[in-house]
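Atom set for the values below is all heavy atoms of this structure, side chains included, hydrogens, waters and symmetry mates excluded.
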Amino acid sequence: MSTKASRGNFASKIGIILATAGSAIGLGNIWRFPVETGQNGGSAFILIYLMCVLLLGIPMMTAEFVIGRHTHTDIATAYQRLAPRRPWYLTGYAGMFCVTLILSYYSVVAGWIFKYTLDALSGTMSFVDNSAEYFATFTQSYYLPVVFALLFILLTHAIIRRGIQNGIERFSKVMMPILLVLMIGLAAGSLTMPGAKAGMAFLLRPDFSKITSDVVLSALGQAFFSLSIAIGCLSTYASYFKPEVNLLKTSVSVVALDSIVAILSGFIIFPAVFSVPDVTPNAGPGLVFITLPDIFRTLFGQATLIGYLFALMLYLLLTLAALTSTISMHEEVTTFFVDHFGMKRGKAAVIMTLTSMALSVLCAMSFGPLRKVHVIDGMTFFETFDYVTAKLIMPISGIVLSVFVGWRLDHQMVVDELTNNGALHIARPVVAGFFFMIKWFAPIAIAAIFINELLS
């Protein structure tokens, strides 16, 4: 089994924050967050979301960091070391199974975005008359969705193969600032649109009459899923943290970046949505591939260059967000093969790449030649993978993680990790609050998410 020294570490604190933020920041922030906000009443939802991130996201992320940094190994081996001869390690294997499935269908959506990025770059999007028909024709093709999904996985593989410092950290230091600059530029452009005032009013003026138990549960779910909690990605990255890294401060920084990106996405989407008649802010998943191209065409029909740049920046932004997430998922399983079986990194990466590629073919073809092939309860491969991961494995793993850290681990060991063995001063109320959230609030909140996801 590989040692800590042979595995390497992140070289800098900014590299840690940007890489870990990249793991958390994905399509859930830029795509799902505006949809959830639009469906749940605007800024009232955002306020509840921020509260959920504070109460659930930071403690749960810190708990994963504790496990990863203390053991300096993959998630399955980490559970085995912390609780020898106990079945807790099954959660680690479930996490790796989960990210393999997620990477497989996530890469399909990422492939769609990659295709639209190339369309935006070539100017093809300007000549599409019917966005819905164009999207359906593409996704139902026998080979195009497969090709773009596989290309995206290969791009992920190329970064993973280069290792932690030369691959993941170097990529994150370059691409995360570009992502943030793109978001700021797009938000500034959106604020010049005719519907900017109405869009900002919807986004920033709370309507507390919209708050219901369903809205609260949706906000909890968005906070939980958007941060990639409990599936092992964050623990894997933490296994590369140096001893002097402040775990709690890093969690706060990552969560803050994640939330900023999510809210900025609202500044991009809603002014555009409110600028075109008969388009609602709850357009759903078709927002990115159908609604927005129609909006671009309507708003920028006479200003081709502006529309070209706006569309290109948006889809490039989405591509980068998707790539930072696929990297973290790939890395989790690659790390397992390296640590647990002593494989060379290149071989481990190839195994994960080939596995996810094979599964992604099934997911990509779920909208075309395999759309009538149902796995469970009338669901395609794509829908089955999404259901099993989002509605079953992730919430169950979250409950297990919170119970394990809150009730099973030695509290002094957890405190030592939080304080870097006494080198950091953390106020007692903060430590007590962390344990309260992990022991009581987190498992109850995630159980509520679990039940709500199943019922919905």
Exercise: identify the closest heavy-atom pair between [X] and [Y]:
X: Ser141; Y: Pro369; value: O-CD, 4.1 Å
X: Met60; Y: Ala442; value: SD-CB, 3.7 Å
X: Pro271; Y: Gly266; value: CD-O, 3.6 Å
X: Pro177; Y: Ser172; value: CD-O, 3.5 Å
X: Ser43; Y: Leu203; value: CB-O, 2.5 Å
X: Ala223; Y: Ser226; value: O-OG, 3.6 Å

Between [atom1] of [X] and [atom2] of [Y], what distance do you get to the nearest 0.5 Å?
X: Phe381; Y: Asp386; atom1: CZ; atom2: CG; answer: 15.0 Å
X: Lys173; Y: Gln165; atom1: NZ; atom2: CD; answer: 8.0 Å
X: Ile159; Y: Asn166; atom1: CD1; atom2: CG; answer: 12.5 Å
X: Asn452; Y: Ser218; atom1: CG; atom2: OG; answer: 6.0 Å
X: Glu453; Y: Met394; atom1: CD; atom2: CE; answer: 9.5 Å
X: Arg32; Y: Gln222; atom1: CZ; atom2: CD; answer: 5.0 Å

Applying ring-ring contact (aromatic ring centres under 6.0 Å, His included), name anything that partners Phe114, two or more places apart in sequence or on another chain.
none
So do [Y] and [X] actually touch side chain to side chain, heavy atoms under 4.5 Å?
X: Val216; Y: Thr212; answer: no
X: Met200; Y: Arg205; answer: no
X: Tyr105; Y: Leu359; answer: no
X: Leu292; Y: Ile269; answer: yes
X: Leu401; Y: Ile67; answer: yes
X: Thr380; Y: Val375; answer: no
X: Ile16; Y: Tyr240; answer: no
X: Leu155; Y: Leu323; answer: yes

Exceeds 12 heavy-atom contacts within 6.0 angstrom, atom [atom1] of [X]:
X: Lys391; atom1: NZ; answer: yes
X: Phe441; atom1: CZ; answer: yes
X: Gln140; atom1: CD; answer: yes

Under 3.5 Å, is there a donor-acceptor pair between the side chain of [X] and the main chain of [Y]?
X: Thr156; Y: Phe152; answer: yes
X: Thr324; Y: Gly22; answer: yes
X: Asn29; Y: Asp258; answer: yes
X: Tyr93; Y: Ala76; answer: no
X: Thr353; Y: Ile153; answer: no
X: Asn40; Y: Glu36; answer: yes
X: Glu64; Y: Ser235; answer: yes
X: Arg69; Y: Val245; answer: yes
X: Ser360; Y: Met357; answer: yes

Does Met437 form a side chain to side chain contact (heavy atoms under 4.5 Å, CB included) with Leu56? I'd like the steps, not just the answer.
CA-CA 7 Å; Met437 291 300 170; Leu56 178 66; over 6 Å; no
Worked verdict on Phe202 versus Phe270 for ring-ring contact (aromatic ring centres under 6.0 Å, His included):
CA-CA 8 Å; Phe202 176 81; Phe270 291 117; 5.2 Å; yes
Test side chain to side chain contact (heavy atoms under 4.5 Å, CB included) on Phe289 and Ser131 and set out the steps.
CA-CA 7 Å; Phe289 301 104; Ser131 298; over 6 Å; no
Would you sort out whether His330 and Ser356 count as a side-chain hydrogen bond (donor to acceptor under 3.5 Å, both in side chains), showing the intermediate values?
CA-CA 9 Å; His330 196 301; Ser356 56; 5.3 Å; no
Under the criterion side chain to side chain contact (heavy atoms under 4.5 Å, CB included), I'd like the reasoning laid out for Val350 against Arg161: C-alpha separation, chi angles, the key distance, then a yes or no.
CA-CA 8 Å; Val350 167; Arg161 190 180 177 88; 3.9 Å; yes
Hey, can you tell me if Tyr116 and Tyr134 have their rings parallel, tilted or perpendicular (30° and 60° cut-offs)?
perpendicular
Could you label the plane-to-plane angle of the Tyr49 and Phe45 rings as parallel, tilted or perpendicular, counting under 30° as parallel and over 60° as perpendicular?
parallel
Indicate yes or no: does Glu331 engage Arg345 in a salt bridge with an N to O separation below 4.0 Å.
yes
Think Lys115 forms a cation-pi with Phe138, using NZ or CZ under 6.0 Å from the six-ring centre and within 45 degrees of its axis?
yes
So that I know where these two stand, are Phe148 and Trp112 an aromatic pair - ring centroids less than 6.0 Å apart?
no
Please report whether the ring centroid of Phe341 lies less than 6.0 Å from that of Phe336.
yes
Test side chain to side chain contact (heavy atoms under 4.5 Å, CB included) applied to Phe310 and Met193, step by step:
CA-CA 12 Å; Phe310 203 90; Met193 294 181 180; 3.5 Å; yes
Step by step, would you call Glu332 with Thr100 a side-chain hydrogen bond (donor to acceptor under 3.5 Å, both in side chains)?
CA-CA 9 Å; Glu332 177 178 339; Thr100 302; over 6 Å; no
Holding to side-chain hydrogen bond (donor to acceptor under 3.5 Å, both in side chains), I want the full list of residues that pass it with Ser190, two or more places apart in sequence or in another chain.
none
Of Thr236, Thr335, Asp339, the one forming a side-chain hydrogen bond (donor to acceptor under 3.5 Å, both in side chains) with Thr73 is Asp339
